[in-house]
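Okay, structure first, notes after.
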Amino acid sequence: MLTTGPRGTHDIIPAEAKNWRRVEETARKICEVYHYGEIRTPIFEHTELFLRGIGETTDVVQKEMYTFTDRGNRSVTLRPENTAAVVRSYLEQKLYAEAQAAKLFYIGPMFRYDRPQAGRLRQFHQFGIEAIGPAGPSVDAEIIELAVRFFEKLGLKDLNLLINSVGCPKCRPQYRLVLQEFLQDKKDQLCGNCQSRYDRNPMRILDCKEEKCNQLSAGAPQMVDCLCDECAEHFAGLRQFLDAAKISYTLNPRLVRGLDYYTKTAFEIQYPLLGAQSAVCGGGRYDGLIEECGGPATPGIGFAIGLERVLLAMEKQALLDPAEDVVPVWVIPLGKEASLPAYSLLMRLRQLGISSDMDHGGRSLKSQMKQANRTQARYVAIIGEDEARTHQVTLKNMTTGEQALISADEAVKQLKQEMNG
RNA sequence: GUGACUGUGGUGAAGUGGUUAACACGGCGGAUUGUGGUUCCGUUAUGCGUGGGUUCGAUCCCCAUCAGUCACCCCA
């Protein structure tokens with residue numbers, strides 16, 4: 001079908017682009033304030049990067065990647081997320097050499113082969129930030145705060161911030177054993193999905209939506225209670241900073257992220273009204289990822305915000321600007337002789353930066369006036385046969401209805417004054 | 001990837017197995033010569049997502065397919 005885009009893709013037309021721009025500008029602005037610099041990496045990478053970075057057993061890698069072989073027989077993948085790629089770039093471009101911390105942000109499309117539904121597309125857009133280098137909990141707080149402020153700036157309300165600590169390679173394996181032990185005799189009663197999780201990723205069982213599994217896992221020991229000293233201290237530190245910043249959060253010991261690289265801090269911001277796809281921001285610390293990608297042991301933390309979901313949430317709260325097509329000045333040629341002088345007048349206006357337009361279809365004065373009216377024109381410059389001959393225009397003020405026959409030069413001068421003032 | 005529901009013009013939508021597919025908004029044209037926002041008039045889907053099938057005949061029945069929505073799953 002030539003008239004439909006690929007499944008799960010979406011066109012952003014002019015009426016919507018304005019709101020997208022506002023969201024993106026808000027992101028850029030806040031990143032500047034918090035000292036994060038923009039990074040633009042390719043939308044495809046070697047498949048290997050995602051296998052290693054995200055984790056081979058994750059759902060994202062196992063069933064959601066757009067992977068293909070290029071003409072040179074290399075396996076490449078459309079990025080399903082951007083943290084791995086940013087880390088790759090950080091190492092390849094040796095950003096560690098320039099400063100103690102690489103504080104980066106990105107905005108761009110991501111690709112996941114999912115079954116589409118509202119708030120879930122195959123090509124979607126993320127605004128994300130990464131702080132590579134710093135280890136202290138104040139960065140964790142800074143990042144979470146940035147996300148919260150971003151939503152505040154857009155005017156969004158009723159968001160829930162959930163935080164948890166998922167431990168580190170020192171304490172998580174031990175916790176897994178403790179958890180598996182707890183669930184051992186209940187294993188048969190878990191849902192099918194959770195039974196396979198038991199060995200692969202038992203922590204996800206805590207996250208299951210099945211009522212049955214919830215009951216079975218009730219009272220299970222929690223990661224936060226089994227953190228090693230370092231992780232516990234880090235988590236306590238984070239909470240202290242968040243409290244100081246007066247950012248309210250919910251401690252959710254069952255919050256687990258689906259990407260393997262997360263350590264210590266994990267967080268999510270939800271907008272419940274979005275239904276099943278309510279996570280509007282997700283992130284956490286990934287202290288092992290840089291090493292996993294072949295770099296020196298370096299801590300890092302970041303988040304990603306789903307922009308389509310942000311726009312949906314804004315729509316629900318009536319925060320979107322209405323689509324409107326505004327052209328403050330219309331030039332109206334009447335008849336063939338008028339089109340050349342009309343066009344040169346238009347050209348002069350545009351060179352002065354005055355947003356203006358004209359009809360190219362030779363339509364009637366009446367319909368051109370209508371058009372001007374629809375686009376909220378403040379002025380209309382009519383050029384008919386008489387005006388064309390004498391290098392004049394009839395300049396009409398659309399709000400007062402007054403009009404005057406003046407020279408083209410005079411019209412340009414007046415419009416320049418009016419439009420800049 | 002699983003299950004369910006939906007699919008009529010630019011938009012919101014009514015509708016029926018049988019000549020011309022309501023209505024509203026929008027668009028376009030007009031209501032005496034070159035003037036908008038109000039009003040009035042006219043016009044605007046050779047077509048009912050697409051492809052098959054059933055039938056004398058299908059937009060309305062069946063199948064497939066595509067797309068969307070909801071839930072699961074996953075996650076942003």
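In the text below, chain A, chain B and the rest are named by the order of the sequence lines, each starting its count at 1.
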Closest nucleotide among [options] to the [X] side chain:
X	options	result
A/Val60	B/C73, B/C75, B/G34	B/C75
A/Asp386	B/C74, B/G29, B/G34	B/G34
A/Pro116	B/C74, B/C72, B/G68	B/G68
A/Met398	B/C72, B/A67, B/G36	B/G36
A/Arg374	B/C28, B/G34, B/C73	B/C28
A/Ile382	B/A67, B/C73, B/G34	B/G34
A/Ala276	B/C72, B/G29, B/A4	B/C72
A/Asp59	B/G68, B/C74, B/G36	B/C74
A/Ser364	B/A4, B/G30, B/C75	B/G30
A/Arg115	B/A4, B/C28, B/G36	B/A4

_Donor-acceptor pair under 3.5 Å, A/Gln403 side chain vs B/U35 base_ =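 For A/Gln403, whose side chain was compared with the base of B/U35, there is a donor-acceptor pair (under 3.5 Å).
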Describe the nucleic acid contact of [X] in one word from base, sugar-phosphate, nothing, applying a heavy-atom distance below 4.0 Å.
X	value
A/Gln277	base
A/Gly401	base
A/Ile383	nothing
A/Gly361	nothing
A/Lys366	base

*Below 4.0 angstrom, N of the basic side chain to O of the carboxylate: do A/Asp409 and A/Arg348 qualify?*
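Between A/Arg348 and A/Asp409 there is a salt bridge, with a charged N closer than 4.0 Å to a carboxylate O.
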*Is any side-chain N of the basic residue among A/Glu25 and A/Lys29 closer than 4.0 Å to the acidic one's carboxylate O?*
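A/Lys29 and A/Glu25: not salt-bridged.
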Spacing of [X] atom [atom1] relative to [N] atom [atom2], expressed in whole Å:
X	N	atom1	atom2	value
A/Leu274	B/C70	CG	P	10 Å
A/Glu64	B/G1	CD	C1'	10 Å
A/Glu387	B/U35	CD	C1'	12 Å
A/Leu365	B/G34	CG	P	8 Å
A/Ile205	B/C73	CD1	P	14 Å
A/Asp114	B/U2	CG	P	13 Å
A/Phe50	B/C74	CZ	P	21 Å
A/Tyr113	B/C74	OH	P	18 Å

Integer angstrom distance from the [atom1] of [N] to that of [M]:
N	M	atom1	answer
B/A76	B/G3	C1'	24 Å
B/U55	B/U16	P	24 Å
B/U59	B/G49	P	10 Å
B/U50	B/U8	C1'	14 Å
B/G12	B/C72	C1'	32 Å
B/A13	B/G7	C1'	13 Å
B/A24	B/U19	P	23 Å
B/G15	B/A22	C1'	7 Å

Strand partner of [N], provided both Watson-Crick or wobble distances fall under 3.5 Å:
N	value
B/U54	none
B/G26	B/U44
B/U33	none
B/U59	none
B/G3	B/C70
B/U65	B/G49
B/C75	none

Side-chain heavy-atom pair [X], [Y] within 4.5 angstrom cut-off:
X	Y	answer
A/Tyr90	A/Thr298	yes
A/Ile143	A/Phe267	yes
A/Trp20	A/Val310	no
A/Phe241	A/Glu145	no

*Which residue lies more 5' along RNA chain B, comparing A/Met369 with A/Arg112 via nearest heavy atoms*: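 This one resolves to A/Met369.
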*If each of A/Ala377 and A/Ser367 is mapped to the nucleotide of RNA chain B with the nearest heavy atom, which maps nearer the 5' terminus, i.e. the 5' end?*
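Comparing both residues, the 5'-ward one is A/Ser367.
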*So, A/Gln270 versus A/Glu268: side-chain donor-acceptor pair below 3.5 Å or not?*
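Distance-only check passes for A/Gln270 and A/Glu268.
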*Donor-acceptor pair, side chain of A/Thr77 and main chain of A/Arg79, under 3.5 angstrom*: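 Checked: no pair found.
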*Is A/Arg112 reaching over with its side chain to a backbone N or O of A/Pro80, donor-acceptor style, under 3.5 angstrom?*
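At least one qualifying donor-acceptor pair exists.
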_Contact residues, residues 303-336 of chain A to RNA chain B [heavy atom, < 4.0 Å]_ =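 Hits under 4.0 Å, by residue number: A/Ala304, A/Gly306, A/Arg309, A/Leu334.
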_With A/Asp287 via side chain to side chain contact (heavy atoms under 4.5 Å, CB included) - residues at least two apart_ =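 Partners of A/Asp287 by the side chain to side chain contact (heavy atoms under 4.5 Å, CB included) criterion, ordered by chain and then number, come out as A/Thr263, A/Lys264, A/Arg285, A/Pro299.
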_Phosphate contact (B/A71 OP1 or OP2) by A/Gln117 side-chain N/O below 4.0 Å_ =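 So the side-chain polar atoms of A/Gln117 do come within 4.0 Å of the phosphate oxygens OP1 or OP2 of B/A71, strictly under.
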*For B/C75, does either OP1 or OP2 sit under 4.0 Å from a side-chain N or O belonging to A/Arg204?*
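Answer is yes, contact under 4.0 Å.
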*Just how far is it from atom CG of A/Asn164 to atom CE of A/Met223, taken to the nearest 0.5 Å?*
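Rounded to the nearest 0.5 Å, the CG-CE separation comes to 8.5 Å.
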